[in-house]
Structures are given as C-alpha cells and as structure tokens.
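Everything on this sheet refers to the single structure shown next.
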Amino acid sequence: MELENKVVIITGAGSGIGAATAVLLGAQGATIMVSDIDLKKAQKVVDSIKAKGGNALAIQANVTEFEEVESLISRTVKEQGKLDVMVNNAGIGGRHQKKTAEHTHDDWHNVIAVNQTGVFYCMKVALQQMMKQGHGNIINVASLAGLKPSGYNLSYSASKYAVVGMTKSAALEYGSKNIRINAVCPGYTDSALLDRLLSSRPDMGDTLKRLIPMDRFGEATEIAEAIAWLASDNSKYVTGQTITIDGGTSLQ
Ligand SMILES: NC(=O)c1ccc[n+]([C@@H]2O[C@H](COP(=O)([O-])OP(=O)(O)OC[C@H]3O[C@@H](n4cnc5c(N)ncnc54)[C@H](O)[C@@H]3O)[C@@H](O)[C@H]2O)c1
C-alpha cells in the first residue's frame with residue numbers, strides 16, 4: 001500500500017477535509033493520529049478507519065495552545081517512534097462577513113490564532129522532531145483565499161496568505177534536510193465550514209457557484225486525494241509548492 005509504515009498526524013481531523021484525509025490515508029496503510037479540539041468527533045473518524053482495517057488513534061489538541069501541540073507530537077513519537085507526515089489542517093472561518101473597516105476584533109484574533117499561529121506552532125514542533133529523525137513531510141491546508149483576494153473576510157484571507165508564505169519560507173530552509181513542505185489550496189469545498197458561510201446569506205450558494213467553472217463545490221475527498229499524493233513518495237521531488245484544487249475558480 002502507498003503509505004504503508006508512515007506515521008501521520010492530521011489536525012482538525014474530526015470533520016470535513018481533515019476527516020476525509022484521515023480516512024483516505026488510513027486506507028492507504030498509514031497510521032493516523034486523528035487530532036481535533038473535539039475528541040468525540042476525532043474518535044468517530046478513528047472508528048471508521050478501524051472499521052476498514054486501518055490503524056488510528058484519536059488525540060485531543062487545540063492548535064492554538066503550544067503545550068497541547070507539543071504533547072500531541074511527543075505522544076505520537078513516544079507511541080509510534082517517529083512522525084513522517086504532519087498535515088496542518090485545523091482551520092476556522094470568521095463569524096461575520098463584513099468589510100475591513102467593520103471586521104470584528106473577535107474574528108481577527110480567533111481566526112489568526114487557529115489558522116496562522118496554530119500552523120506556526122505545529123510546523124515548529126514537527127520540524128524539531130523531523131530534524132532529529134532526519135526526514136519529514138509537512139502539508140499545510142491553506143486555501144484559494146491565500147492565493148487571490150476574497151472580500152469580506154480579512155482575517156481568513158490574511159491567515160491563508162500567511163500559511164502560503166510560511167510553507168514557501170520553511171521549504172527554502174529545510175530542502176537540504178530531507179524535509180518537504182507543501183500546501184494545498186482548496187476552493188469552495190463541501191464541509192461544516194462552507195455550510196456556515198452558506199448560511200450567512202440566502203443567495204450565498206448561487207453567488208459562489210457562479211464563480212466556479214466546474215459549476216459545483218468540491219468534495220472533501222477530492223482535496224484528500226491531493227494530500228495523499230503529497231504525503232506519498234510519488235511527490236518526493238516536490239517542495240515549497242501550492243496545489244490548487246478548486247474546479248477552476250482561480251481562473252477568473
Ligand atoms: N471548506 C472549504 O470550502 C475550504 C476551502 C479552503 C480551505 N479550507 C480549509 O480546510 C481546512 C479544513 O476545513 P473544513 O472545511 O474541513 O472545515 P470543518 O469545519 O469541517 O473542519 C475543521 C475542523 O477543525 C477543528 N478545529 C477547529 N478549531 C480547532 C483548533 N483550535 N484546534 C484543533 N482543531 C480545531 C474543528 O473541530 C473541525 O473538526 C481549514 O484549514 C479550512 O480553512 C476549507
């Protein structure tokens with residue numbers, strides 16, 4: 001199997017893209033540490049991986065708390081001996097769709113804490129372990145909103161541009177250390193996060209679909225497929241890249 005013997009941590013893996021990635025990588029033979037701030041949701045994902053004969057463990061961690069990130073990674077290494085792949089997927093959207101002058105302080109601080117600082121914490125601690133073991137692979141879940149402007153969600157856009165920047169900067173530093181760092185940039189993808197955006201305005205679904213040449217939202221499994229490729233040795237000469245999976249939305 002493609003990911004046999006690989007130990008993978010996925011943050012925010014209790015739902016949506018993270019859950020789909022956990023299930024796919026688990027089916028490809030990896031041992032998955034299914035991490036989420038919500039342990040119950042993580043445990044359900046573990047159950048479905050195990051039901052298909054895979055190997056997985058649920059670990060609660062809030063990525064905004066540095067000590068929790070440290071214990072997530074140290075527990076993984078203690079129990080599995082190594083960390084091959086770190087998928088930094090946990091992310092939230094802002095609660096309000098407002099122009100920049102009305103953007104709330106709460107949205108700013110919450111979104112930056114999870115989407116940007118959380119990714120920094122996870123990269124920092126994962127890289128320390130990967131340097132020790134002499135190899136590693138980090139995959140950050142950024143967004144189309146980190147590649148092109150999207151109005152009415154300043155903190156989300158800022159955080160995702162930051163994730164793309166952190167991915168490329170760190171890839172420069174660690175290329176010679178046998179550690180690859182890439183990002184995926186999903187467009188609008190069916191998930192709880194998208195549901196919250198769609199419920200902000202009755203016409204939001206149609207408005208967004210008009211932006212998508214393929215005329216539909218993405219599925220979480222379609223993002224998971226790109227993450228699986230980056231996690232595998234099939235992409236072993238790829239680092240510092242963003243892979244856009246958006247049904248063509250970035251074309252316009
Ligand atoms: N759905 C989309 O349209 C879309 C598009 C582009 C990028 N993304 C990105 O994909 C990633 C996954 O989003 P999704 O759409 O699957 O959303 P989702 O809401 O379905 O899943 C996010 C998961 O992250 C967890 N989480 C939230 N805060 C956390 C924290 N502080 N620590 C640990 N876990 C936390 C949640 O409990 C949830 O299980 C996010 O980074 C998001 O920004 C999503």
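Start at 1 and go down the list; that is how both ligands and their atoms are numbered. Keep in mind that the numbers below use all heavy atoms, side chains included, and drop hydrogens, waters and symmetry copies. For clarity, every value in this text was computed on a predicted model and none was experimentally measured.
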Please report the closest heavy-atom contact between L24 and A228, naming both atoms and the distance.
CD2-CB, 3.8 Å

Residue among I138, N137, V8 satisfying side chain to side chain contact (heavy atoms under 4.5 Å, CB included) with M86:
I138

Minimum heavy-atom separation for V7 to T76, with atom names?
CG1-CG2, 3.7 Å

The complete set of ring pair (Phe, Tyr, Trp, His ring centres under 6.0 Å) pairs with one or both residues in residues 219-252, sequence neighbours excluded, reads none

Residues, nucleotides or ligands: over 12 heavy atoms within 6.0 Å of M204 CE
yes

Single-linkage hydrophobic cluster, 4.5 Å side-chain cutoff, V125 and L83 together
yes

Find all protein N or O atoms under 3.5 angstrom from an N or O atom of ligand 1 and list the pairs with distances, or write 'none'.
from     : atom 1 : to   : atom 2 : distance (Å)
ligand 1 : 1 (N)  : T189 : O      : 3.0
ligand 1 : 1 (N)  : S191 : OG     : 3.0
ligand 1 : 3 (O)  : T189 : N      : 2.8
ligand 1 : 3 (O)  : T189 : O      : 3.3
ligand 1 : 15 (O) : S191 : OG     : 2.6
ligand 1 : 16 (O) : I17  : N      : 2.8
ligand 1 : 19 (O) : R196 : NH2    : 3.2
ligand 1 : 20 (O) : S15  : OG     : 2.5
ligand 1 : 31 (N) : N62  : OD1    : 2.9
ligand 1 : 32 (N) : V63  : N      : 3.0
ligand 1 : 34 (N) : I37  : N      : 3.4
ligand 1 : 37 (O) : D36  : OD1    : 2.7
ligand 1 : 37 (O) : K41  : NZ     : 3.3
ligand 1 : 39 (O) : D36  : OD2    : 2.6
ligand 1 : 39 (O) : K41  : NZ     : 3.2
ligand 1 : 41 (O) : N89  : O      : 2.8
ligand 1 : 41 (O) : K160 : NZ     : 2.9
ligand 1 : 43 (O) : Y156 : OH     : 2.6
ligand 1 : 43 (O) : K160 : NZ     : 3.0

